[in-house]
Amino acid sequence: MARFEHTVTVAALDRHWFEEAAGAVVDLFEGSREQGGAILLPDGRPIHGLRLLQGRHLQPGAQYGEAPEEDGKPGDPGAPVASGQAGAPLVQEATVLREWRPSRTVEVESLMAEESLSVRVGVRLREPRTPRALEVSLDGHNPKGGSLYRFSGRARADLHAWWAALDRPSSAPPAARAPVVGRAVHRLAKARLTVTPRPADDGSWQVSVVLSVRGRWLLRPVVAVALVFVRKPVERGFREGVDSAAEEWAEMLAELPSLHGEALRAQIADELTAP
């Protein structure tokens with residue numbers, strides 16, 4: 001087994017602002033309605049880039065996406081969407097609402113398919129108005145390939161455990177259980193990723209990311225030997241990936257509005273409707 005670990009320091013996200021913003025987004029969608037395929041917010045403005053393609057709005061089985069266009073004219077909402085230039089592989093995209101219970105669970109599933117890849121991504125948010133946990137699943141395969149072209153992944157972020165880990169004194173040891181755990185499985189190997197935060201003395205967060213990789217079944221010795229030769233470039237790529245994620249986090253925080261109440265709700269509505 002190969003194990004890689006890297007710790008970065010990032011600016012903190014205010015929990016109360018985060019939960020207030022999440023609640024505002026849920027309330028805006030809960031108060032929205034469908035008209036001619038467009039999804040209108042309570043003030044009547046359409047959400048940019050989101051249309052109801054099939055089913056009933058906010059009901060299980062409702063399918064959302066962007067209406068395809070042909071020669072500048074809207075096409076059949078149920079038709080596949082072509083991407084890229086003429087002759088490019090055909091791509092089908094859709095987001096299906098599996099569950100909409102804002103006080104308990106919101107679950108969506110996205111389907112994407114092209115000539116060489118088919119991917120299904122599921123996202124489930126527990127207690128959306130004050131998010132408790134986020135669960136993500138991913139399954140992919142090459143329709144023309146065998147088992148070597150199949151992969152899957154699962155991840156869970158326990159947001160209550162995340163905030164609890166940050167409420168500990170900075171001198172306390174890290175939480176015993178990582179609030180964020182992800183697992184990926186392939187025929188040749190499997191990987192496990194954990195993310196654990198702890199508070200820094202200056203109010204920022206110290207986030208430790210650990211990646212473990214091992215071979216599967218009889219291939220364990222083969223993968224172990226391969227990792228001996230590629231360990232340094234893999235470790236370098238892992239550290240660069242974590243550093244890049246930290247930079248993107250900083251950029252995201254810099255763009256978040258420092259608003260509350262109706263001002264925050266209005267700002268979120270503007271963002272949802274802006275082209």
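These figures come from a predicted structure and were not determined experimentally.
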Answer yes or no: is there an ion pair linking [X] with [Y], defined by an N-O contact shorter than 4.0 Å?
X      : Y      : result
Glu99  : Arg104 : no
Glu235 : Arg239 : no
Asp27  : Arg129 : yes
Glu5   : Arg3   : yes

Short question: side chain of [X], backbone of [Y] - any donor-acceptor pair under 3.5 Å?
X      : Y      : result
Gln35  : Ala38  : no
Arg124 : Val108 : no
Glu34  : Gly36  : yes

What is the distance from atom [atom1] of [X] to atom [atom2] of [Y], rounded to the nearest 0.5 Å?
X      : Y      : atom1 : atom2 : value
Leu28  : Ile47  : CG    : CD1   : 8.0 Å
Asn142 : Phe151 : CG    : CZ    : 9.5 Å
Leu111 : Ser118 : CG    : OG    : 7.5 Å
Glu19  : Trp163 : CD    : CH2   : 7.0 Å
His141 : Arg150 : NE2   : CZ    : 5.0 Å
Arg156 : Arg154 : CZ    : CZ    : 14.0 Å

Quick one, [X] and [Y] - any side-chain contact, counting heavy atoms below 4.5 Å?
X      : Y      : value
Leu138 : Val119 : yes
Asp243 : His6   : yes
Trp205 : Arg198 : no
Pro197 : Pro179 : yes

Ignoring hydrogens, what is the shortest heavy-atom contact between [X] and [Y]? Give both atom names and the distance.
X      : Y      : value
Val209 : Phe238 : O-CZ, 3.5 Å
Ala178 : Thr196 : CB-OG1, 3.3 Å
Pro257 : Trp17  : O-NE1, 3.1 Å
Ala191 : Val213 : CB-CG2, 4.2 Å
Pro128 : Pro102 : CD-O, 3.1 Å

Ser204/Thr9 under side-chain hydrogen bond (donor to acceptor under 3.5 Å, both in side chains): CA gap, chis, key distance, verdict
CA-CA 7 Å; Ser204 60; Thr9 300; 5.4 Å; no
Heavy-atom neighbours of Arg33 CZ exceed 12 at 6.0 Å:
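Correct, the count exceeds 12.
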Count I, L, V, M, F, W, Y as connected when their side-chain heavy atoms are under 4.5 Å apart, and connections chain through other members. Are [X] and [Y] then in the same cluster?
X      : Y      : answer
Leu125 : Val181 : no
Val123 : Val96  : no
Val210 : Val180 : no
Leu97  : Leu40  : no
Val136 : Met252 : yes

Can you list the residues that meet the side-chain hydrogen bond (donor to acceptor under 3.5 Å, both in side chains) rule with His57, with sequence neighbours excluded?
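Scan of His57 (side-chain hydrogen bond (donor to acceptor under 3.5 Å, both in side chains), adjacent residues dropped) gives Ser32, Tyr64.
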Qualifying residues under side-chain hydrogen bond (donor to acceptor under 3.5 Å, both in side chains), relative to Arg183, sequence neighbours excluded:
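In terms of side-chain hydrogen bond (donor to acceptor under 3.5 Å, both in side chains), with neighbours along the sequence ignored, Arg183 is linked to no residue.
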Using only heavy-atom distances, determine whether the side chains of Glu107 and Trp100 contain a donor-acceptor pair under 3.5 Å.
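There is no such pair (donor and acceptor under 3.5 Å, judged by atom type) between the side chains of Glu107 and Trp100.
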Test side-chain contact (heavy atoms from CB on, under 4.5 Å) applied to Leu253 - qualifying residues, sequence neighbours left out:
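So Leu253 forms a side-chain contact (heavy atoms from CB on, under 4.5 Å) with Ala11, Leu13, Trp249, Leu256.
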Applying salt bridge (Lys or Arg N to Asp or Glu O under 4.0 Å), name anything that partners Glu109, two or more places apart in sequence or on another chain.
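In terms of salt bridge (Lys or Arg N to Asp or Glu O under 4.0 Å), with neighbours along the sequence ignored, Glu109 is linked to Arg98, Arg120.
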Quiz: residues 165-172 side-chain donor-acceptor pairs under 3.5 angstrom, not counting sequence neighbours:
from	atom 1	to	atom 2	distance (Å)
Arg168	NE	Pro173	O	3.3
Arg168	NH2	Pro173	O	2.7
Ser170	OG	Asp201	OD1	2.6

Side-chain donor-acceptor pairs under 3.5 Å in residues 259-275, sequence neighbours left out?
from	atom 1	to	atom 2	distance (Å)
His260	ND1	Glu20	OE1	2.8
Gln267	NE2	Glu271	OE2	3.0
Asp270	OD1	Arg45	NH1	2.9
Asp270	OD1	Arg45	NH2	3.1
Thr273	OG1	Arg45	NH1	3.3
Thr273	OG1	Ala269	O	3.0
Thr273	OG1	Asp270	O	3.3

